[in-house]
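FYI, the numbering just counts along the sequence from 1. Computation of the quantities below employed the complete heavy-atom set of this structure, encompassing side-chain atoms and omitting hydrogens, waters and symmetry-equivalent molecules. Worth saying up front: this structure is predicted, and the values here are computed from it rather than measured.
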Amino acid sequence: MDLQLKGKSVVVLASSKGLGKAISMEFAKEGAHVLISSRNQEELENTKAEIQDVSGNQKVEYQVCDVTKKDDIEQLVQKAIEWNGKVDVLVNNAGGPPAGTFDQFSDEDWQRAFELNLLSFTRTIREVLPSMKEQQQGRIVNIASSSIKQTLDNLILSNTFRAGIVGLAKGLSQELASDNILINTVGPGRIATDRVAALDEKRAKKLGTSVEELKKKTEQSIPMGRYGEPEEFAKAIVFLASGANTYLTGQSLVVDGGLVKAL
């Protein structure tokens with residue numbers, strides 16, 4: 001299948017490691033021009049070199065960007081346009097908010113989570129839309145969580161704002177369809193990333209068990225019997241953001257090995 005991504009201008013947020021890095025790698029393998037971003041310049045430099053080496057694609061660049069800062073987002077998109085003349089694909093991504101229950105969080109905690117996990121997506125979409133509308137085509141994929149289908153224990157902040165992403169994308173899918181701009185939301189299940197490892201460690205400590213025992217029990221609850229690999233998740237994102245996807249928009253999907261049982 002021709003994904004029609006060669007030479008396309010792709011922006012991936014929070015992409016120096018984890019899912020963002022895996023997604024950027026897959027786009028680079030397809031010949032896209034990929035702009036990666038995160039707050040850490042050293043990590044970005046290392047990730048850029050790794051993606052170029054593994055993919056054989058030298059069209060990888062980076063921009064330091066704190067997604068909670070409006071100016072940083074504006075500069076990120078401007079860099080993509082200066083580099084490639086346009087933005088064809090936006091992959092919205094951000095680190096997850098802290099784990100915890102409702103009574104543990106203050107107004108400040110809620111505000112920070114809002115800025116990180118919902119407002120950042122809104123701002124970045126706003127910045128790329130003029131370029132996409134001018135071209136009369138574009139693809140936007142929002143990375144959320146499996147909580148968009150089934151809430152997760154001890155993650156009240158994530159449950160709240162990931163649901164907001166779904167509402168944002170569903171509404172925009174109707175507004176943007178006439179411009180051939182498709183937007184979808186994808187949630188990872190138990191994917192083997194540093195974020196999931198940290199959550200497992202915290203949960204194991206709370207339950208008084210080992211991380212190994214917790215992971216084994218979790219794997220037993222996944223029909224496929226294992227955690228997913230970042231590359232497996234990334235391939236789904238790349239398809240949704242590609243020219244091969246011509247009619248799928250406004251959807252919220254999970255890549256979870258069958259873990260989520262809710263419809």
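- Contact record, A144 with I165: CB-CD1, 4.5 Å, taken as the closest heavy-atom pair.
- In terms of heavy-atom proximity, S146 sits nearest to V254 at CA-CG1, 3.8 Å.
- A distance-only check finds a donor-acceptor pair linking the side chain of S37 to the backbone of V12 [under 3.5 Å].
- A side-chain contact (heavy atoms from CB on, under 4.5 Å) with I237 holds for exactly one of N93, I143, V89; it is I143.
- Distance CD/E43 to CD1/I36: 10.5 Å, rounded to 0.5 Å.
- Dense packing is recorded around NZ of K48, with more than 12 heavy atoms of other residues, nucleotides or ligands lying under 6.0 Å away.
- Closest non-hydrogen pair, F27 versus A241, comes out as CZ-CB, 3.6 Å.
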Output, in order, the C-alpha distance, side-chain angles, deciding distance and verdict of salt bridge (charged side-chain N to carboxylate O under 4.0 Å, His left out) for D109 and R112. CA-CA 5 Å; D109 295 321; R112 280 193 294 269; 2.6 Å; yes

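- Within a 6.0 Å sphere centred on NZ of K86, heavy atoms belonging to other residues, nucleotides or ligands number more than 12.
- Legend: residues meeting side-chain contact (heavy atoms from CB on, under 4.5 Å) with Q41, ordered by chain and number and at least two apart, are E45, Y62, V64.
- Side-chain contact between L44 and T47: absent, with no pair of heavy atoms (C-beta onward) separated by less than 4.5 Å.
- Distance alone, capped at 3.5 Å, is enough to place a donor-acceptor pair between the N245 side chain and the L240 backbone.
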Checking side chain to side chain contact (heavy atoms under 4.5 Å, CB included) for the pair N154/T101: CA distance, chi angles, key distance, verdict? CA-CA 5 Å; N154 206 45; T101 56; 3.4 Å; yes

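- Residues F121 and L155 are members of separate hydrophobic clusters, defined by side-chain heavy-atom contacts under 4.5 angstrom among Ile, Leu, Val, Met, Phe, Trp and Tyr.
- Within the 3.5 Å criterion, the main-chain N or O of K170 finds a donor-acceptor partner in the side chain of Q174.
- In terms of hydrophobic clustering, with Ile, Leu, Val, Met, Phe, Trp and Tyr side chains grouped at heavy-atom distances under 4.5 Å, V255 and V260 are assigned to different clusters.
- For residues 115-124, every residue pair satisfying the side chain to side chain donor-acceptor pair (under 3.5 Å) rule, not counting sequence neighbours, is listed here: Q111-E115.
- Heavy-atom neighbours of K69 NZ from other residues, nucleotides or ligands within 6.0 Å: at or below the threshold of 12.
- Separation of atoms CD1 (I156) and OG1 (T151) is listed at 8.0 Å; rounding is to 0.5 Å.
- Formation of a donor-acceptor pair under 3.5 Å by the N40 side chain with backbone atoms of E42 is found in this model.
- Minimum interatomic distance between Q4 and G243 (heavy atoms only, all atoms of both residues): NE2-O, 3.7 Å.
- No option in V67, D71, L13, D66 other than L13 meets the side-chain contact (heavy atoms from CB on, under 4.5 Å) test with L76.
- We find the CG-CD1 distance between L90 and I140 to be 5.5 Å, quoted to the nearest 0.5 Å.
- Counting heavy atoms of neighbouring residues, nucleotides and ligands inside a 6.0 Å radius, atom CZ of R203 does not exceed 12 of them.
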Acceptor/donor pairs from residues 126-134 side chains to any protein atom, 3.5 angstrom cut, sequence neighbours excluded:
| from | atom 1 | to | atom 2 | distance (Å) |
| --- | --- | --- | --- | --- |
| S131 | OG | V87 | N | 2.9 |
| S131 | OG | Q135 | NE2 | 3.3 |

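- Between W110 and F105, the angle of the ring planes goes over 60°, which puts this pair in the perpendicular group of the 30/60° scheme.
- Inter-residue side-chain proximity for R139 and K8 is flagged as unmet; no heavy-atom pair is nearer than 4.5 Å.
- Residues N92 and I125 form a side-chain contact, since some pair of their non-hydrogen atoms from C-beta on lies under 4.5 Å apart.
- Follow the hydrophobic side-chain contacts under 4.5 Å out from L199 and you never reach Y227; the two are in separate clusters.
- Here CD1 of I73 is found 12.0 Å from CD of Q63. Values are rounded to the nearest 0.5 Å.
- Residue L5 forms a side-chain contact (heavy atoms from CB on, under 4.5 Å) with just one option from V238, D88, V34, and that option is V238.
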Could you tabulate the donor-acceptor pairs under 3.5 Å formed by side-chain atoms of residues 209-225, not counting sequence neighbours?
| from | atom 1 | to | atom 2 | distance (Å) |
| --- | --- | --- | --- | --- |
| S210 | OG | E213 | N | 3.0 |
| T218 | OG1 | L214 | O | 2.9 |
| S221 | OG | T218 | O | 2.6 |

Apply salt bridge (charged side-chain N to carboxylate O under 4.0 Å, His left out) to the pair K29 and E231, showing each step before the final yes or no. CA-CA 12 Å; K29 289 178 181 178; E231 294 79 10; over 6 Å; no

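- Placement of V91 and V60 within a single hydrophobic cluster is found when ILVMFWY residues are connected by side-chain heavy-atom separations under 4.5 Å, directly or transitively.
- In terms of heavy atoms, A113 sits closest to P97 at CB-CB, 4.0 Å.
- Side chain of S242 to backbone of F239: a donor-acceptor contact under 3.5 angstrom is found.
- Within 6.0 Å of CD on Q137 lie more than 12 heavy atoms contributed by other residues, nucleotides or ligands.
- Here the shortest heavy-atom pairing between E229 and I191 reads C-CG2, 3.7 Å.
- At a threshold of 4.5 Å between side-chain heavy atoms, the hydrophobic network of Ile, Leu, Val, Met, Phe, Trp and Tyr places I23 and I51 in one connected group.
- To the nearest 0.5 Å, atom NZ of residue K6 and atom NE2 of residue H33 are 7.5 Å apart.
- With sequence neighbours excluded, the residues satisfying side-chain contact (heavy atoms from CB on, under 4.5 Å) with S145 are S147, L152, S158, R162.
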Side-chain atoms of residues 176-186: list all donor-acceptor pairs with protein atoms under 3.5 Å, sequence neighbours left out, distances to 0.1 Å.
| from | atom 1 | to | atom 2 | distance (Å) |
| --- | --- | --- | --- | --- |
| D179 | OD1 | Q136 | NE2 | 2.8 |
| N184 | OD1 | G250 | N | 3.2 |
| N184 | OD1 | Q251 | N | 2.9 |
| N184 | ND2 | L248 | O | 2.8 |

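- Judged by distance alone, the side chain of D256 and the main-chain N or O of G189 form no donor-acceptor pair under 3.5 Å.
- With rounding to the nearest 0.5 angstrom, the CE atom of M25 is 11.0 Å from the NZ atom of K235.
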